[in-house]
Each structure stands twice: as C-alpha cells, then as structure tokens.
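Notes follow the structure.
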Amino acid sequence: MTVKRFPACARSILVACPIVALCAFNAYAQTDALNLESAPVETVEKVEASNSTKIFLEGAFGNATRRFGLGSQDLKRASLDLTFSGRIGPGLRIVLSDRVDVIHPIGFNIDSTVNSLREAYLSWQPVGSDTVLDFGRINMRNGPGYGYNPTDFFRDGSLRVLTSADPLALRQNRIGSVMFRGQRLWDGGSLSLAYSPKLASSPGLDGWSLDLGSTNNRDRGLITLGTRLSQNLNTQLFLYKDSGLSPSIGANLTALLSDAATIQLELTRGREPDLLSRTFATLPANEATRNRFVGGLTYTTTSKTSVTAEYQYNGFGLRQSAWNDLGTVAGAQLRVLQSALRLQELAPRQALLIYVTQRSLWLKELDLSGYVRFNLEDQSKLVWFELRHHWTNFDLTFQLQQNSGRSNSEFGILPDRRTLQVLGTYYF
C-alpha cells in the first residue's frame, strides 16, 4: 500500500485517508496510565550520554476487497527499518533514521523499492549549556492531537510511502525537512527557532531519491515557545512563516484533569488558499483568513483501557455542498483526497475521531488498538483495528480496515472496501 505525490491510481487513497485523519498521540503524559497511549510531540531534549541503535525487519501480506467490480487484490510488503543515535564527541551527537520498503503491487509513479531517509542530522549541545543547535534532515513534529495536527507545520509533503494506518508509525516514518534549528532550554520552558530553506522545486520520483522537492520546495520558518505552566498544564505558542503567505499563529495545550483524564487542544489561524484552490491550479486562488482546531479528551482506566474522543475542524476544507459539486466532474473528488493526503490535511470541514486501545487483552502480551473516524459532513466512516501479540524479539499483528458510506462520500468513493493484513516484525 503506497502513496506518493498525486498517484493516479485510486486505490492508494484507501490507505491515505485514515492517515490524514490520524497523525499523533497525546503529549506530556503525567501518569503511567496516560503513558499507555501517549507519545511526546516535538520537544527539545538535552544531549544523552548513551548510544542507541534500533533495527527491525517486517513482512506483511494481505488482501483488499474492492468496489466497482474490481474484485480483490493481494498485498505484499517487506521493510527494513534502522534508527541510530550516538555521541561522536563532547556535546556532539549524530541522528540517523532510514527505512527501505519493497512493495507489491506498486502504484503509478512509484518504484517497487522505496528508500525513505527520515532523519540525518547533527546535534550540538556544549557541556553544561542549555543551548542546542541542530542541522540536517529533521522530522519535526508538533501537536498533541490524535487524529489531526494543525500545529504540525512541517507535515505537508513528508509522506513518501505509506505502510501503516497507525498514527504513531506515520509520524515516525515520514521524511523530515532539511533545516537549521536552535533551541534554548530553561526550567519549565524552551524557545526554538527553525529555518527550512528551499533546496529543490519538484518531488523526487525515484525510489532512492532524497525527495528534497517534497520537503524543501520553499523557504519556511517557525518560532516555538513551550511553557510548563504547572505540573498538570503544558502549552506551546507558534509563529510560522511560509514564503508567499502571510504569517500564521498557533497554540496547543495539554492539561491533566485527573490521574486518568487529559484534554488536548490545538488551534491555528492564518491566511492561505483553501484546499480546493490548492488542488486545482486552474481555479482562482481563494485566499481567506480561517482557523484550524482540534479538541480531544482521553480517559484511561485502571484496566489499561484508553478511550479518546476528538473533534477536528479545518476552515480550509470542503463544505458538503462543494464536495457534492465536485461529484459532477469525473475524478475530481479523488483528486481532492489526494491533495489532502499530500498536505496531510483534513479534507472535510469537520470530522470526529474515537480511538480505543486495550493493553493486555486476555493475555499479557496481546494488545488491541482501533479507531473510528466519522466525516461529519457526509456521514461516511472509516473503521480500523489491530491485534498485536508480543514476544521477546518478534511481533505478530492482524489488521483490518473498513471504509463505508454513500457512493459519493469520502469513504464510500474509495476503491477498496475492506483490507485485511497479517504482519510479522522481528527486532534485532
């Protein structure tokens, strides 16, 4: 299952849409219970003393049941994943993260083998200093939302290949942007300045390309102020500038309400063309000042069950009337979904996400994760879940994905109705 730079084949949208909807786990968890389902957003860290190397090999096979009389299609994939972080001198570290995927069937303009250099950068923090300087390709992630991250400003153009609908895997597996980043740390806060220059104009379609034309096709800058207002309350403020556009502002907040409940909020406001204008270059650029918003509540029980409900809003997305109008033009709706995937945007104006996980389901080593995403504009929905059994060096996983809705809805128009997969992952 692959997606890359507006592929013409419609089946790649099947995997794309849930990923657009699910991008991040909760940040700044304060208790062990919340840590069950939380992954930190991009935050500054002091230089570590130890080295870390992680390698795993993964194989997957499955079947997709398709609509429109297309029958079914077998799916196969093999992946090798490597991450290294090591100290190479006093206060100096190198970070490398790379992944190779061999995929069948391949999509339009996609090689059967795709290499994704996710990160490759140097980090320097003088001994005893609270200043950190980074340079290279960095996967910079921001936002505590589970399914949509308006404050994740460097997300667009970073999906080189899609192999999972897991939100944490998506954020980790995307390719970063080449940038310079300076960070200043203090007790209870941090200030970060990142600059990503234009290095290329067009996406790299070769499977072994660095693909700088997707991540560094324009000049961009971001200032981030992070503050821990209390033990239970964390905030980030953003000022983002994209060449050719007016500055955008953003904020996110994570608050611990109790030992078991947290809330996550994200908000951005800026002036830019809407999704329709960015999809169809022949249309007039419909620029407007609008908001993006995510609000979620996560509750974790003592039995290791975690439930998140999240409302998502994209002021630049499509209202239902505009989506219906596109249905009169062949392929137009799929092109919008492809554009939303490339930008990692929410295609409709409003969506709702329910995400559930259960650790130690029946067996200590068996975990269940699943979500339902509702398009609140056309009432279509996507259901995804996985069962994962852990051994010492091996995971066995079963995944199911179901798309349902009217034939002209977001999830009803996708060529794949249902996808089943079995995955084996060996950790070295």
Kindly give the heavy-atom pair with the smallest separation between [X] and [Y], and that separation in Å.
| X | Y | value |
| --- | --- | --- |
| S177 | F154 | OG-CD2, 3.9 Å |
| R67 | L414 | NH1-O, 2.6 Å |
| S209 | G204 | OG-CA, 3.5 Å |
| R118 | D98 | NH2-O, 3.3 Å |
| S369 | Y355 | CB-OH, 4.0 Å |
| S158 | T215 | CA-CG2, 4.3 Å |

Please assess F280 against V329 for the test side-chain contact (heavy atoms from CB on, under 4.5 Å), listing each intermediate value before the final yes or no.
-> CA-CA 12 Å; F280 302 100; V329 181; over 6 Å; no
[X] side-chain N/O to [Y] backbone N/O, donor-acceptor pair under 3.5 Å:
| X | Y | value |
| --- | --- | --- |
| N314 | L346 | yes |
| D111 | V114 | no |
| S409 | R406 | yes |
| R99 | N173 | no |
| D367 | S360 | yes |
| R373 | K381 | no |
| N139 | R171 | yes |
| S277 | N286 | yes |
| W124 | F135 | no |

Take R269 and T289, measure what side chain to side chain donor-acceptor pair (under 3.5 Å) needs, and give me the verdict at the end.
-> CA-CA 7 Å; R269 182 171 178 82; T289 301; 5.5 Å; no
Report yes if the side chains of [X] and [Y] come closer than 4.5 Å at any heavy-atom pair, otherwise no.
| X | Y | result |
| --- | --- | --- |
| R292 | Y313 | no |
| E345 | Y148 | yes |
| M179 | Y121 | no |
| T268 | S248 | no |
| Q379 | Q320 | no |
| F84 | I55 | no |
| Q421 | Q401 | no |
| N252 | V294 | no |

Begin with the C-alpha distance, continue with both residues' side-chain angles, and end with the deciding distance and a verdict on side-chain contact (heavy atoms from CB on, under 4.5 Å) for R77 and T163.
-> CA-CA 8 Å; R77 173 176 58 83; T163 59; 3.4 Å; yes
State the [atom1]-[atom2] distance between [X] and [Y], to the nearest 0.5 angstrom.
| X | Y | atom1 | atom2 | value |
| --- | --- | --- | --- | --- |
| Q344 | L341 | CD | CG | 7.5 Å |
| Q264 | T262 | CD | OG1 | 4.0 Å |
| F180 | I138 | CZ | CD1 | 9.5 Å |
| T65 | R417 | OG1 | CZ | 8.5 Å |
| E266 | N149 | CD | CG | 4.5 Å |
| L366 | Q358 | CG | CD | 9.5 Å |

Please test L382 against Y371 for side-chain contact (heavy atoms from CB on, under 4.5 Å), starting from the C-alpha separation and ending with a verdict.
-> CA-CA 8 Å; L382 178 148; Y371 64 83; 3.2 Å; yes
Determine whether the side chains of E310 and Q312 contain a donor N or O and an acceptor N or O closer than 3.5 Å.
->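 Present: a donor and an acceptor within the cut-off.
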Using only heavy-atom distances, determine whether the side chains of R181 and S192 contain a donor-acceptor pair under 3.5 Å.
->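 R181 vs S192: no donor-acceptor pair found between side chains.
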Do the ring planes of Y426 and F428 sit parallel (below 30°), tilted (30 to 60°) or perpendicular (above 60°)?
->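 Judged by the thresholds at 30° and 60°, the geometry between Y426 and F428 is perpendicular.
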Aromatic ring pairing Y427/F56, orientation class (parallel under 30°, perpendicular over 60°, tilted between) |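 Rings of Y427 and F56: tilted, 30 to 60°.
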Who passes ring-ring contact (aromatic ring centres under 6.0 Å, His included) against Y240, sequence neighbours left out?
->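 Testing Y240 for ring-ring contact (aromatic ring centres under 6.0 Å, His included), a comparison that skips the adjacent residues, returns F153.
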Among all residues two or more places apart in sequence or in another chain, which pass the side chain to side chain contact (heavy atoms under 4.5 Å, CB included) test with L199?
->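 L199 satisfies side chain to side chain contact (heavy atoms under 4.5 Å, CB included) with V178, P197, L212, N216 once adjacent residues are dropped.
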Pick out which of R220, R271, R218, K198 makes a salt bridge (charged side-chain N to carboxylate O under 4.0 Å, His left out) with D242.
->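 Among R220, R271, R218, K198, the one that satisfies the salt bridge (charged side-chain N to carboxylate O under 4.0 Å, His left out) with D242 is R218.
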Between the side chains of [Y] and [X], is the shortest nitrogen-to-carboxylate-oxygen separation below 4.0 Å, so that they form an ion pair?
| X | Y | answer |
| --- | --- | --- |
| R319 | D274 | no |
| R174 | D152 | yes |
| K76 | D74 | no |

Check the surroundings of atom CH2 in W391: do more than 12 heavy atoms from other residues, nucleotides or ligands lie under 6.0 Å from it?
->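 Enclosed: over 12 neighbouring heavy atoms sit under 6.0 Å from CH2 of W391.
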Are more than 12 heavy atoms from other residues, nucleotides or ligands located less than 6.0 Å from atom CZ of F61?
->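 No.
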Would you sort out whether T83 and D81 count as a side-chain contact (heavy atoms from CB on, under 4.5 Å), showing the intermediate values?
-> CA-CA 7 Å; T83 301; D81 194 290; 3.9 Å; yes
Could you tell me which residues satisfy salt bridge (Lys or Arg N to Asp or Glu O under 4.0 Å) with R388, sequence neighbours excluded, listed by chain and number?
->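 If we apply the salt bridge (Lys or Arg N to Asp or Glu O under 4.0 Å) test to R388, skipping adjacent residues, the hits are E386, D395.
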